[in-house]
Protein chains: 2
Amino acid sequence: MYSHQSPSSSHDQPDQPDQFKLLLNQEGLRLTNQRQKILEIFMDRTKGYHLSAEDIYQHLSSQGERISFSTIYRALHILVSLGVLREIELIEHKKYYEFNHPNIAPHHHLVCIQCGEVTEFEEDSIIDISHREAQNRNFSMLSCQFTIYGLCSQCQASDIW
Amino acid sequence: MYSHQSPSSSHDQPDQPDQFKLLLNQEGLRLTNQRQKILEIFMDRTKGYHLSAEDIYQHLSSQGERISFSTIYRALHILVSLGVLREIELIEHKKYYEFNHPNIAPHHHLVCIQCGEVTEFEEDSIIDISHREAQNRNFSMLSCQFTIYGLCSQCQASDIW
DNA sequence: ATCATATCGAAAACGATTTTCAATATTTTT
DNA sequence: AAAAATATTGAAAATCGTTTTCGATATGAT
Ligand SMILES: [Mn+2]
Ligand SMILES: [Mn+2]
Ligand SMILES: [Zn+2]
Ligand SMILES: [Zn+2]
């Protein structure tokens with residue numbers, strides 16, 4: 001469904017918007033203004049940014065951009081299906097999205113259930129375990145999520161029972 | 001079912017319903033008819049059973065029991081907070097519950113996104129990793145979830161694209 | 001230009017869950 | 001055994017994040 005490999009150039013970076021346009025067009029989709037704006041938000045951030053539909057709406061609204069939730073949700077789905085974004089459910093019943101940086105190893109998350117702080121960690125053995133368990137039962141793995149819930153050090157301190 | 005007489009004896013195992021009653025009473029809560037019925041469903045099954053609120057409703061309704069969703073959800077919350085049940089989000093935006101058998105090692109899940117089949121696996125290293133990552137950032141872990149999504153062997157076969 | 005197709009926003013619909021509230025059940029106190 | 005205090009219930013309404021519907025608009029191709 002997606003290959004984030006730079007196609008040809010001995011150049012540093014191909015024009016990213018053009019790349020996205022290509023990706024979308026390959027599926028008969030269009031790189032609209034709104035989709036571009038959403039992409040920019042994700043690309044503005046470095047690894048470790050996790051945004052909800054609401055976050056994106058606020059972001060764009062505060063910049064004077066008018067966009068509807070329907071459009072945001074639609075764009076997010078498309079970008080996930082193209083492999084541009086990764087979808088994670090950090091808080092129950094709420095989805096977050098992060099840029100699926102091509103050269104970055106898959107990672108997992110710790111979430112503070114008090115303040116919502118999210119930190120990440122890489123751990124190859126988790127992938128290994130997943131593959132092993134999947135193979136053991138002839139199960140074709142599509143994705144896996146490992147999330148640790150608890151209290152960050154700050155929230156532990158401020159939690160006076 | 002369990003209509004033992006109050007055991008004055010010095011027996012090994014205390015009566016389970018009595019145990020639940022005790023647990024609830026300790027928090028000023030009551031072991032009502034409805035809560036008892038819900039508990040029975042979970043205890044009827046062996047390890048590996050994952051039920052949603054809807055499942056419980058159907059179960060009880062089919063037995064002629066009348067119960068409301070409000071009551072089911074309330075009971076589930078209480079039982080989770082008492083540690084009697086474990087809550088897991090197998091399908092996005094939908095919670096499942098399983099009996100938190102005291103002597104059973106924590107386990108994790110593979111979910112078929114096609115047919116919903118759930119299988120379990122135990123893997124101690126996952127807990128170890130969690131503890132290590134949590135400690136590394138002075139994070140107090142409360143729980144963790146590791147879920148592998150994909151297609152079971154049956155659904156792979158029937159998926160002809 | 002003309003036509004086909006993709007996309008948009010607003011509003012309604014959705015599904016799982018939570019809350020509200022008056023009626024009922026259980027426990028504790030008299 | 002009342003009476004008083006407290007916990008629990010079901011029905012209905014509310015919530016929340018998300019999805020769908022649908023007529024209007026934008027974009028791309030011929
Ligand atoms: Mn991340
Ligand atoms: Mn399980
Ligand atoms: Zn925190
Ligand atoms: Zn399956």
Side-chain angles (χ1 to χ4, degrees), chain A residues 17-18 20-39 50-61 63-82 85 87-97 111 113 116, chain B residues 6 17-18 20-39 50-61 63-82 84-85 87-97 111 113 116:
Chain A
D18 279 355
F20 291 136
K21 186 169 189 322
L22 205 69
L23 259 173
L24 285 158
N25 290 348
Q26 278 170 353
E27 308 289 328
L29 303 167
R30 298 167 185 171
L31 178 55
T32 62
N33 254 1
Q34 289 92 330
R35 289 175 188 170
Q36 185 130 250
K37 289 282 187 295
I38 292 175
L39 277 163
H50 308 91
L51 301 169
S52 67
E54 174 74 30
D55 294 335
I56 291 165
Y57 181 80
Q58 293 306 336
H59 237 281
L60 291 179
S61 293
Q63 290 176 13
E65 299 287 342
R66 288 182 67 265
I67 193 170
S68 73
F69 273 102
S70 353
T71 301
I72 293 174
Y73 280 114
R74 274 185 292 235
L76 291 173
H77 291 332
I78 290 171
L79 294 174
V80 167
S81 80
L82 294 177
L85 298 182
E87 181 184 84
I88 39 184
E89 194 145 349
L90 297 175
I91 294 179
E92 48 192 30
H93 289 201
K94 190 164 188 185
K95 288 177 192 160
Y96 287 79
Y97 298 84
V111 181
I113 61 171
Chain B
S6 269
D18 279 354
F20 291 137
K21 188 171 187 322
L22 204 71
L23 258 173
L24 286 159
N25 290 349
Q26 278 170 354
E27 307 290 328
L29 302 167
R30 296 167 186 173
L31 178 54
T32 62
N33 254 1
Q34 290 91 328
R35 288 175 187 170
Q36 185 130 251
K37 289 281 184 299
I38 292 174
L39 277 163
H50 309 90
L51 301 168
S52 67
E54 173 74 31
D55 293 335
I56 291 165
Y57 180 79
Q58 292 306 334
H59 237 281
L60 291 179
S61 295
Q63 290 176 13
E65 300 286 342
R66 289 181 67 264
I67 193 170
S68 72
F69 272 102
S70 353
T71 301
I72 293 174
Y73 279 114
R74 275 184 292 235
L76 290 172
H77 292 333
I78 290 171
L79 294 174
V80 167
S81 79
L82 293 177
V84 175
L85 297 182
E87 182 184 84
I88 39 185
E89 193 146 350
L90 297 176
I91 294 178
E92 50 191 29
H93 290 202
K94 190 164 188 185
K95 288 178 191 157
Y96 287 79
Y97 299 84
V111 181
I113 61 170

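Below, chains carry the letters A, B, ... as their sequence lines are ordered, and counting in each starts from 1. Model, not experiment: these values are computed from the prediction.
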With B/Ile67, which of B/His59, B/Lys37, B/Gln34 fulfils side chain to side chain contact (heavy atoms under 4.5 Å, CB included)?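 Checked B/His59, B/Lys37, B/Gln34 against B/Ile67; only one passes side chain to side chain contact (heavy atoms under 4.5 Å, CB included): B/Gln34.
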*asked:* Looking at A/Lys94 and A/Glu89, is any side-chain nitrogen of the basic one under 4.0 Å from a carboxylate oxygen of the acidic one?
replied: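 No, A/Glu89 and A/Lys94 are not salt-bridged.
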Map A/Lys21 and A/Tyr73 onto DNA chain D by nearest heavy atom, then report which one ends up closer to the 5' terminus.
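Upstream on the strand: A/Tyr73.
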Check: Between B/Arg66 and B/Leu29, which has a closest nucleotide on DNA chain D that is more 5'?
Finding: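 Residue closer to the 5' terminus by nearest nucleotide: B/Leu29.
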Among [options], which is the nearest nucleotide to the side chain of [X]?
| X | options | answer |
| --- | --- | --- |
| B/His93 | D/dT8, D/dT18, C/dT17 | D/dT18 |
| B/Lys95 | C/dT18, D/dT18, D/dT21 | C/dT18 |
| A/Thr32 | D/dT19, D/dG17, C/dT7 | C/dT7 |
| B/His77 | D/dT21, D/dT18, C/dT18 | C/dT18 |

To the nearest 0.5 Å, tell me how far B/Leu29 CG sits from B/Asn25 CG.
->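 Here the rounded value is 8.0 Å.
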Is it the case that over 12 heavy atoms from other parts of the model lie below 6.0 angstrom from the OH atom of A/Tyr57?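 Atom OH in A/Tyr57 is not crowded, with 12 or fewer foreign heavy atoms closer than 6.0 Å.
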Task: Distance-only donor-acceptor test, A/Ser70 side-chain atoms vs C/dA10 base atoms, 3.5 Å - done: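 Donor-acceptor pair under 3.5 Å: yes.
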Checklist entry - Looking only at N and O atoms, is any donor in the side chain of A/Arg30 or the base of D/dT27 less than 3.5 Å from an acceptor on the other one? => result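 Donor-acceptor pair under 3.5 Å: yes.
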Check: What is the nucleic acid contact for A/Gln34, judged by heavy atoms within less than 4.0 Å: base, sugar-phosphate only, or nothing?
Finding: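 Sugar-phosphate, backbone atoms only, no base.
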